[in-house]
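Proteins get letters first, then strands, A, B, ... in listed order; numbering begins at 1 in each. Only this structure's heavy atoms are used, side chains among them; waters, hydrogens and symmetry mates stay out. Remember, predicted model here, so these are calculated numbers, not experimental data.
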Amino acid sequence: MIIEIQDDFDLQKIADSGQCFRFNKCGDGYSVVAGNQYLFIKDVSGDSGVETDIIIGASGDKDDKNILGGRYELSCNKKEFEAFWKNYFDLNSSYSDIRSLIDKAEDEYLYNASEFGQGIRILQQDPWEMLISFIISQRKNIPAIKASIEKICALAGHKIAVDAEGNDVFSFPTPKELSKLTVAQLSGCSLGYRDKYVYQAAQDVVSGAVNLESWKEIDDDALMQKLLALYGVGVKVANCEILFGYHRLDAFPKDVWINKVLDSQYPQGFLFDKYKPYNGVMQQYLFFYSRTNGAETT
DNA sequence: AGGCAGGTTCTTA
DNA sequence: TAAGAACCTGCC
């Protein structure tokens, strides 16, 4: 099916934004895996004569907005799109509106970062998948994180598709599936010392001691406390989980890159009050910009 | 070959 | 309560 998006949307930037690990260039499009769902999505903005099934983000004053959208071909049908992928891509929110909160004169660095990162969205991902992914992420670079996750999926998940390059695609294991792996098997997925953290998380969720679903109902502070109590979860991973797993857009994970930006560009402090409740979106722009250009860039 | 990477835990004061 | 060391693995 074909969708037209009239809001910030850039597949490459989303894939590179560090919030997802199973969203990769594949053939002439992108392979996206979330839980046990597989999607192939391709930019067809340049193709003429394709009929659009759904238009997203249409609004009366769109000509006034600075928007980076396009037309996309998706491997799912309309029903699957409405039921899952529309929310996954957070297409009910306007990221151009969020960007417009930034005042160029007041906060030029963030303004530049947001122009550069225009097209990034915060995906609505699954709390379980994000928890495991970000536990694994500690002290690892992105390629290493992705490699570990793929090994885990191949070992404990199940085959759900074949991607555009002919590779088997495996689901992200459910808590039950993952809990069946031994620490040694997890270690074999190149988890290093994180193997025991992942093992414990799976056991806790399967036993019911931890109920990630029920945590959707509790407030931000309580959620943070619950997450920090988990083995192998500190402040940074907890914030990633709150932002990417629970889609609470004010969470502001501070990793080494963001800390460099805050130190070098915001000695007087970042304007957290101003951007509330979207600080997490700003964090993504800063992160993407600094990773690409270096924190010293003005 | 030694250091370091998108942190957290464990140990020590 | 706070600073420092240790930690797997992979890649400079």
Rounded to the nearest angstrom, tell me the gap between atom OH in A:Tyr197 and atom P in B:dG7.
13 Å
Figure out the NZ/P separation between A:Lys140 and B:dG7, and round it to whole Å.
12 Å
To the nearest Å, give me how far apart CG (A:Leu228) and P (B:dG7) are.
16 Å
If you look at every heavy atom in A:Asp8 and A:Gly119, which pair is closest and at what distance?
CB-N, 3.6 Å
Among B:dG7, C:dC8, B:dC10, find the nucleotide with the atom closest to the side chain of A:Asp255.
B:dG7
Scan A:Phe134 against the nucleic acid and name what it touches under 4.0 Å (heavy atoms): base, sugar-phosphate only, or nothing.
nothing
Enter the distance from A:Lys86:NZ to A:Ile54:CD1 here, rounded to the nearest 0.5 Å.
7.0 Å
Rounded C1' spacing from C:dA6 to B:dG3 in Å
15 Å
Any donor-acceptor pair, under 3.5 Å, between the side chain of A:Tyr193 and the base of B:dG7, if you only look at N and O atoms?
yes
Does A:Ile135 reach a base, just sugar-phosphate, or nothing at all? Heavy atoms under 4.0 Å.
nothing
For a quick check of understanding: with a heavy-atom distance under 4.0 Å over all strands, which category does A:Gly232 fall into, base, sugar-phosphate or nothing?
sugar-phosphate
Go through B:dT8, C:dG10, B:dA5 for me and flag the one nearest to the A:Ser190 side chain.
C:dG10
Quickly work out the A:Leu191 CG to B:dT8 P distance and round it to whole Å.
16 Å
Do A:Lys274 and A:Asp107 sit within salt-bridge range, that is, some charged N less than 4.0 Å from a carboxylate O?
no
Side-chain donor or acceptor of A:Arg194 under 3.5 Å from a matching atom on the base of C:dC8?
yes
Applying the 3.5 Å cut-off to both distances, the Watson-Crick or G-U partner of B:dA5 turns out to be C:dT9
Hey, is the side chain of A:Tyr231 poking within less than 4.0 Å of OP1 or OP2 on B:dG7, counting only N and O atoms?
no
Run the salt-bridge test on A:Asp220 and A:Arg248 with the 4.0 Å N-O cut-off and return the result as yes or no.
yes
Which residue lies more 5' along DNA chain B, comparing A:Ile145 with A:Leu230 via nearest heavy atoms
A:Ile145
Rounding to a whole Å, what distance do you find between A:Met224:CE and B:dT8:C1'?
14 Å
Taking the same atom, P, in B:dA1 and in C:dC8, what whole-Å distance lies between them?
24 Å
Do the charged groups of A:Lys216 and A:Glu213 touch, with an N to O distance under 4.0 Å?
yes
